Amino acid sequence: MTTLIPAPRAVRAHPPHQPGKRETVHKWRRRLPLLPALIFTVIVTQLPFVATLIISTLQWNILKPGERHFTGLSNYAFVFTDERLRTAVLNTIVLTASVVSISMILGLGLALLLDRRFPGRGLARTLLITPFLVMPVAAALLWKHAIYNPDYGLLNGTLNAVYRLFGAENGPTIDWVSNSAMPAVVVALVWQWTPFMMLILLAGLQAQPGDVLEAARVDGASAMATFRFITLPHLRQYIELGVLLGTIYVVQTFDAVFTITQGGPGSQTTNLPYEIYLTMFRKYEYGEAAAAGVVVVIGSIVVATFALRTIASLFREEVSR
């Protein structure tokens, strides 16, 4: 008897697994709630920037509306060759470097003090943070009138009181803003930005591993050695973050310059934002002002890119712990 063996069925090769239509639809459903925010962001930020790029290629003075015409990159050439703008760039560098460096040093000192336990530490933190919460215009008005004013300001009032203690009838009347315009703006901005630096560095101090500090104390390391070889290297990324973020914001300073000094005397404190304001609303040169604004935005984007990389590295470090 012959046994019939059925022929083997052909085995169909299955294609490699690919994300199906259902998975794609699920991804877009998760992204859909973000679409209105994305559209709003594009309308509010990108469209005005595109309009600014277009205006920066035009020779456009609002006092001569019929003479508007395309000039290509001539406005950008003017931005990099104009003497007033070069002075504004130099003032911006001096102002930003001074404010950021002094605020960082003072913020580090305050953060080290607030990292210790003492009665009233919570109240001290709140009071030290307060200057950062004051509106920039209000802070500038406070410094201009309540502190710098030569007739009734706090500085001259204190100076006169000291002179009276030593028998003098009155002390000198100093016009602080006219005599020291740039230091006056720098001090006002340092007062406002030191709490920002303090908060960043205080967060870094409190993120230090306690076992490492305890081991250093057990090994007999002094406070200065611990700060130099353990705390300071640990704070490096936080210092970089504070410097980068502070630079982004201080470069855009307009309120303090406009309120305290009006860019004077003799353009001593005219920075780029204030010079753009003068070009736009005093000279009425829309094309030149737009070109200068584009240059400032590109510079801010470059600095912001480094800041975002620093923030990302901090997040990666926290995740790896």
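In this text the structure is predicted, and so the values were computed from the model without any measurement.
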* Student check: side-chain heavy atoms of L95 and L189 closer than 4.5 Å -> yes

* Is I276 close to F254 at the side-chain level, that is, under 4.5 Å between some pair of heavy atoms? -> no

* Indicate, with yes or no, if F80 and I301 share a hydrophobic cluster defined by side-chain heavy-atom contacts under 4.5 Å among Ile, Leu, Val, Met, Phe, Trp and Tyr. => yes

* Structure fact -> What one should report as the nearest heavy-atom pair of P150 and I174 is CB-O, 3.6 Å

* To do: Nearest 0.5 Å please: distance from the OG1 atom of T270 over to the CG atom of L90.
  => 11.5 Å

* 4.5 Å side-chain heavy-atom contact, P172 and L159 -> yes

* Contacts of L133 that satisfy side-chain contact (heavy atoms from CB on, under 4.5 Å) - sequence neighbours left out -> I129

* Transitively linked via ILVMFWY side-chain contacts under 4.5 Å: L155 with L141? -> no

* What is the distance from atom OH of Y284 to atom CZ of R282, rounded to the nearest 0.5 Å? -> 8.5 Å

* Straight-line distance of E285 CD to I62 CD1, nearest 0.5 Å -> 10.5 Å

* Structure fact -> All heavy atoms of F78 vs all of K283, minimum pair found to be CZ-NZ, 4.1 Å

* Asked: Judged by atom type as modelled, is there a donor-acceptor pair below 3.5 Å linking the side chain of Q192 to the main-chain atoms of A188?
  -> no

* Is it possible for you to say whether I248 and V302 belong to one hydrophobic cluster, with membership spreading through side-chain heavy-atom contacts below 4.5 Å? => yes

* Asked: How would you list, by chain and number, every residue that makes a side-chain contact (heavy atoms from CB on, under 4.5 Å) with V243, sequence neighbours excluded?
  -> V100, M104, I239, T247

* **Residue pair E275 / L85, side-chain heavy-atom distance below 4.5 Å** => yes

* Asked: Got Y76 and V294 here, is their nearest side-chain heavy-atom distance under 4.5 Å?
  -> yes

* **Heavy-atom pair with the smallest gap, counting every atom of D151 and N149** => N-OD1, 2.8 Å

* Establish whether L47 and V297 are linked, either directly or via other cluster members, by ILVMFWY side-chain heavy-atom contacts under 4.5 Å. => no

* Looking only at non-hydrogen atoms, find the nearest pair between G264 and T269 and report the distance. => O-OG1, 3.2 Å

* F166, CZ: over 12 other non-hydrogen atoms inside 6.0 angstrom -> no

* Asked: Within a reach of under 6.0 Å around CZ of R31, are more than 12 heavy atoms found that belong to other residues, nucleotides or ligands?
  -> yes

* Mind running side-chain contact (heavy atoms from CB on, under 4.5 Å) on E169 and Y163 for me, showing each step along the way? => CA-CA 7 Å; E169 184 177 353; Y163 268 74; over 6 Å; no

Atom pairs and distances, side-chain donor-acceptor, residues 221-233, under 3.5 Å, sequence neighbours left out:
{"unit_1": "S222", "atom_1": "OG", "unit_2": "A225", "atom_2": "N", "d": "3.2"}
{"unit_1": "T226", "atom_1": "OG1", "unit_2": "S222", "atom_2": "O", "d": "2.9"}
{"unit_1": "T231", "atom_1": "OG1", "unit_2": "Q208", "atom_2": "OE1", "d": "3.0"}

* List the steps, then state whether side-chain contact (heavy atoms from CB on, under 4.5 Å) holds for V79 with E288. => CA-CA 7 Å; V79 167; E288 294 175 7; 5.7 Å; no

* Asked: Can you hop from L38 to V50 via hydrophobic side chains spaced under 4.5 Å?
  -> no

* Asked: Is a side-chain N or O of T279 found less than 3.5 angstrom from the main chain of A289, in a donor-acceptor match?
  -> no

* Asked: Is there a donor-acceptor contact under 3.5 Å from the side chain of S74 to the main chain of T71?
  -> yes

* To do: State, with a plain yes or no, whether a side-chain heavy atom of N75 is found less than 4.5 Å away from one of Q59.
  => yes

* Assess whether atom CZ of F49 is packed by more than 12 heavy atoms of other residues, nucleotides or ligands within 6.0 Å. => yes

* Asked: Side chain of N156, backbone of T173: donor and acceptor closer than 3.5 Å?
  -> no

* For atom CZ of R84, is the number of surrounding heavy atoms from other residues, nucleotides or ligands below 6.0 Å larger than 12? -> no

* CG/L235 to CG/L241 distance, rounded to the nearest 0.5 angstrom? -> 12.0 Å

* Quick one: does T96's side chain have a donor or acceptor within less than 3.5 Å of a partner on I93's backbone? -> no

* Structure fact -> With sequence neighbours left out, the residues meeting ring-ring contact (aromatic ring centres under 6.0 Å, His included) with W60 are Y286

* Asked: So, E83 and R86, do they make that salt bridge, N to O below 4.0 Å?
  -> no

* **Value rounded to 0.5 Å, distance of CG in L244 from CZ in R309** => 11.5 Å

* Can you find a side-chain donor-acceptor pair between T87 and S267 that sits under 3.5 Å? -> no

* Asked: Does the side chain of T259 reach to within under 4.5 Å of the side chain of W143, using non-hydrogen atoms?
  -> no

* Structure fact -> One should read off an interatomic distance between L58 CG and L53 CG, to the nearest 0.5 angstrom, of 11.0 Å

* To do: Report the residues that fulfil side-chain contact (heavy atoms from CB on, under 4.5 Å) with L128, sequence neighbours left out, ordered by chain and then residue number.
  => L110, L114, M198

* For the residue pair S300 and Q252, what are the closest heavy atoms and their distance? -> OG-NE2, 4.3 Å

* Are any of the side-chain heavy atoms of V177 and I260 separated by less than 4.5 Å? -> yes

* Where does the angle between the aromatic ring planes of F281 and Y277 fall among parallel (under 30°), tilted (30 to 60°) and perpendicular (over 60°)? -> tilted

* Asked: Counting N and O atoms only, with roles assigned by atom type, does the side chain of Y274 sit under 3.5 Å from a partner on the main chain of Q262, one being a donor and the other an acceptor?
  -> yes

* Just jot down the side-chain contact (heavy atoms from CB on, under 4.5 Å) partners of V134, sequence neighbours excluded, or say none. => A138, A139, W191

* To do: Quick one: closest heavy-atom pair of G242 and F196, and the distance?
  => O-CE2, 4.5 Å

* **Option passing side-chain contact (heavy atoms from CB on, under 4.5 Å) with V257 (candidates N91, T92, N271)** => N271

